[in-house]
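Remarks on the structure that follows.
Every chain is numbered from 1, with letters handed out A, B, ... down the list of sequences. What you see is a predicted model, and the numbers here were worked out from it, not measured in a lab.
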Amino acid sequence: MPELPEVETVANGVHERVHGARIRAVSLGPHKEPLKSAPAHIEATLTGARIEGVRRVGKTIVMDVKQRNGKPAQATIHLGMTGRLLVSDRNVPLPPHTHVTLHLDDKRDVRFVDPRRFGRMGIVDEGTTYEGPGKEPLTITADEFAALFKGRKTSIKAALLNQSLLHGVGNIYADESLFHASIRPARLAGTLKRSELNALHTALQKVLRHAIQLGGSSVSDYVDADGVRGFFQLEHRVYSRTGEPCKTCGKPIEKITLGGRSTHFCKHCQK
DNA sequence: CGCGGGCCCTGTGAGC
DNA sequence: TGCTCACAGGGCCCGC
């Protein structure tokens, strides 16, 4: 489901609701795929811990906690395609596909729900801090950004999706930022001129910030921690608009596959 | 090492 | 109306 703006929206919403709360107990569902760490380790780390904060790193939600013994620890939640992190009153029925429930000491739960089970929740190794696999798109400089793509033989679209380069960009925002930078997704990353990379750097940050302001994109059933939909899908120029007229030139938006994912662009506006 | 493709899952919606 | 099939916002793993 979620890319950087959606994960940011969820993390901020959960943070506002639960920071400072204590986790009284932890319940785990029957499936083990959604757990990145041993079930007993997740339970032992989080039971009795106080939630210090919830934030986003790349597409991952990081929950900073202070354990009963006073030691800091971190839980990570990656939402995959269909994951949700909900704060619910405990009397609200547990949704199907709930894999982890953190029972707070104030009659509320934090619930990790994921029908498709591509998401993962885990505990960060003791003594280390989660940094994510790549660079942060919102704060990377133009110089650092350009350096990422030097010598790359893959398409710029695939490179944008490579989380070990930039973390947080997914299919929607890769397509949208390439449109705003007027660059065709199939162009080889290593062949882009510095002026084009500068335009892409600017477009990417602008698109991501705008999407965060609108609470992310709600395609299908995405909702934030309050069950509220985002509105950035109304701003999409190319994503999921195959055959519809380009909002700049009127020619139909094309769809191809790159990096194994559907890729939308305007042949006329993007060079 | 870098890159592309297959695969992991369930739900939804288009098309028949 | 009801069924089947393709496809979905991600990323790991494997082989080349």
Under-4.0 Å side-chain N/O to phosphate OP1/OP2 contact, A:R117 with B:dC8: no
Between P of C:dC7 and CD1 of A:I172, the distance in whole Å: 18 Å
Among A:L178, A:I253, A:I172, side chain to side chain contact (heavy atoms under 4.5 Å, CB included) partner for A:H264: A:I253
Sugar-phosphate only, base, or nothing, as touched by A:G170 at under 4.0 Å among non-hydrogen atoms: sugar-phosphate
Side-chain N or O of A:K59 closer than 4.0 Å to phosphate OP1/OP2 of C:dG11: yes
Rounded interatomic separation in angstrom, taking CG from A:L148 and C1' from B:dC3: 17 Å
Atom-to-atom span, NE2 of A:H264 to P of C:dA8 - whole angstrom: 7 Å
C1' spacing across the pair B:dT12 / C:dG11, given as an integer number of angstrom: 22 Å
Short side-chain N/O contact from A:T154 to OP1 or OP2 of B:dG2, under 4.0 Å: no
A:L258 CG - B:dG5 C1' separation (whole Å): 14 Å
Protein-nucleotide distance (A:N162, atom CG; B:dC3, atom P), rounded to Å: 8 Å
Donor-acceptor pair (no angle test) under 3.5 Å: A:R116 side chain, B:dC9 base: yes
Presence of A:H78 side-chain N/O under 4.0 Å of C:dG11 phosphate oxygens OP1/OP2: yes
Nearest atoms (heavy-atom pairs only) where A:H103 meets A:D109: ND1-OD1, 3.4 Å
Euclidean distance for P, C:dA6 against B:dG6 (whole angstrom): 15 Å
Protein-nucleotide distance (A:R120, atom CZ; B:dC9, atom P), rounded to Å: 9 Å
Identity of whatever pairs with B:dC9 - Watson-Crick or G-U, under 3.5 angstrom: none
Aromatic ring pairing A:H99/A:H97, orientation class (parallel under 30°, perpendicular over 60°, tilted between): tilted
Sugar-phosphate only, base, or nothing, as touched by A:K255 at under 4.0 Å among non-hydrogen atoms: sugar-phosphate
Nucleotide C:dA8, atom P - distance to CD of A:E6 in whole Å: 16 Å
Verdict with reasoning, A:V62 to A:I77, per side chain to side chain contact (heavy atoms under 4.5 Å, CB included): CA-CA 6 Å; A:V62 177; A:I77 301 105; over 6 Å; no
Euclidean distance, atom NE2 of residue A:H99 to atom C1' of B:dC9 [Å, nearest integer]: 10 Å
Any A:T82 side-chain N or O less than 4.0 Å from OP1/OP2 of B:dC9: no
Heavy-atom check, side chain of A:I61 versus side chain of A:V7, under 4.5 Å: yes
